[in-house]
Structure formats: structure tokens, C-alpha cells
> 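Here's a structure for you.
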Amino acid sequence: MKLTVNGVEHELASAPLTPLLHVLRDELDVTSPKAGCQQGGCGTCTVLIDGEPRRSCLTAVATVDGAEITTLEGLGEAESMSAVQAAFHEHYAAQCGFCTPGIIMAATALLERKGGPVERDEARRLAATTAAAPAT
Amino acid sequence: MKIVDAVLAASRGQVGTVPDLPEPEQGEPDVIVKGSPA
């Protein structure tokens with residue numbers, strides 16, 4: 001199996017049913033996707049699979065053979081953050097930081113899908129998926 | 001809510017330049033952040 005992760009192609013050794021999350025973290029040392037609830041609820045493992053946000057903890061790696069995966073590491077560097085990363089930095093939106101990679105990946109996908117300004121309700125719904133705080 | 005504010009700002013392109021981490025002052029440890037703590 002092959003994966004292209006953040007622009008780099010990898011030949012994988014993991015078993016086909018291994019969750020993508022563990023392939024990323026344990027085989028490829030890509031550690032921004034976090035192992036939170038590991039049942040698809042919390043979203044901290046969210047990555048982009050061919051541009052769509054998906055829970056990597058519930059995705060068997062064989063089902064995404066040949067796909068392009070984007071994680072937080074692929075969005076920007078400390079010296080050149082993406083707009084979403086920079087906005088989280090400016091607004092102190094990281095909180096403890098554990099689930100922030102998943103939130104930023106979901107926000108990035110939302111903004112790419114919208115292609116323009118989003119409404120406050122849309123942003124609140126996204127934030128509500130984190131379970132980190134009530135969407136007030 | 002700060003997450004909401006950040007998403008709204010990013011969607012409107014209202015994001016300024018992010019300064020780099022401050023340099024450690026004299027006597028402070030030089031912390032190198034690499035990878036993820038989790």
C-alpha cells in the first residue's frame with residue numbers, strides 16, 4: 001500500500017486493517033493527529049483524505065490506499081502558518097492544544113468548501129464538535 | 001468563543017502576521033519545541 005502524506009509518498013508496512021491514525025503516528029511519525037476517544041466522536045484525529053475531513057481513527061489504511069493525506073504538518077510551518085493556523089494563534093484558540101490539530105483540519109476543510117466568509121453559526125457548529133467547550 | 005472568532009477571522013482573511021516565539025531572556029532555558037508532546 002502507498003500513501004502520499006503531506007506531499008511525500010510512502011510505501012507502507014502496516015497491516016491493511018490498521019487505523020490510518022496509527023499508521024500516521026507509529027509508522028510515519030506524523031504526530032499531529034491525536035488518539036483521543038478512538039471511536040470517531042472527538043475529532044482530534046481528523047485529517048484530510050483527498051481534501052475531505054475524515055476521522056483517521058476509524059479509517060482502515062487499506063481503504064485509502066493511494067490517497068493523498070494532509071495533516072496539520074502539511075498546512076504550514078511555524079514561520080509560515082496557514083491562515084487558519086495563524087488565526088488560531090492570534091485568537092488564543094488553541095486551549096490546551098491536544099485537540100487543536102483536529103479542529104484546525106476541520107476548519108480548513110470548512111473554509112475550503114465555503115470558499116469565502118462563513119457565518120458565525122457554521123463556525124459555532126464546528127467548534128461544538130470538539131467537546132472542549134460549549135458552543136456559546 | 002475563541003475558536004469561533006478564529007474561524008471567522010480566517011474565513012474573512014482577517015489574519016495578521018504572526019510574530020515568531022520570543023527569544024529567551026537571560027537566564028531562561030532555551031526551549032526547543034519539536035514534534036508533539038502527545
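Order of the sequence lines fixes the chain letters, A, B, ..., with proteins taken first and strands second; residue numbering starts at 1 for each chain. Every heavy atom of this structure was used, including side-chain atoms; hydrogens, water molecules and symmetry mates were not.
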> Is atom CD of Glu11(A) surrounded by more than 12 heavy atoms (other residues, nucleotides or ligands) closer than 6.0 Å?
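Result for CD/Glu11(A): enclosed.
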> How about Leu8(B) and Val118(A): do any of their side-chain heavy atoms sit closer than 4.5 Å?
yes
> Between Val15(B) and Ala83(A), what is the shortest heavy-atom contact and its length?
CG2-O, 3.7 Å
> Taking atom CD of Glu119(A) as the centre, report whether more than 12 heavy atoms of other residues, nucleotides or ligands fall under 6.0 Å from it.
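No, CD of Glu119(A) has 12 or fewer neighbouring heavy atoms, counting only those of other groups under 6.0 Å.
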> When you group the ILVMFWY residues by side-chain heavy-atom contacts below 4.5 Å and let the links chain together, are Leu75(A) and Ile49(A) in the same group?
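Result: no, two separate clusters.
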> For residues Lys2(B) and Ala93(A), report the shortest heavy-atom separation together with the two atoms involved.
O-CB, 3.6 Å
> Do Gln95(A) and Ile3(B) make a side-chain contact, defined as non-hydrogen atoms from C-beta onward lying under 4.5 Å apart?
yes
> Measure the shortest side-chain to side-chain distance between Arg120(A) and Asp5(B) over non-hydrogen atoms and say whether it is less than 4.5 angstrom.
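Yes, side chains in contact.
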> Following the transitive rule for hydrophobic clusters with a side-chain heavy-atom cut-off under 4.5 Å over Ile, Leu, Val, Met, Phe, Trp and Tyr, establish whether Val30(A) and Met1(A) coincide in one cluster.
yes
> Does atom CG of Asp121(A) have more than 12 heavy-atom neighbours, drawn from other residues, nucleotides or ligands, at distances under 6.0 Å?
yes
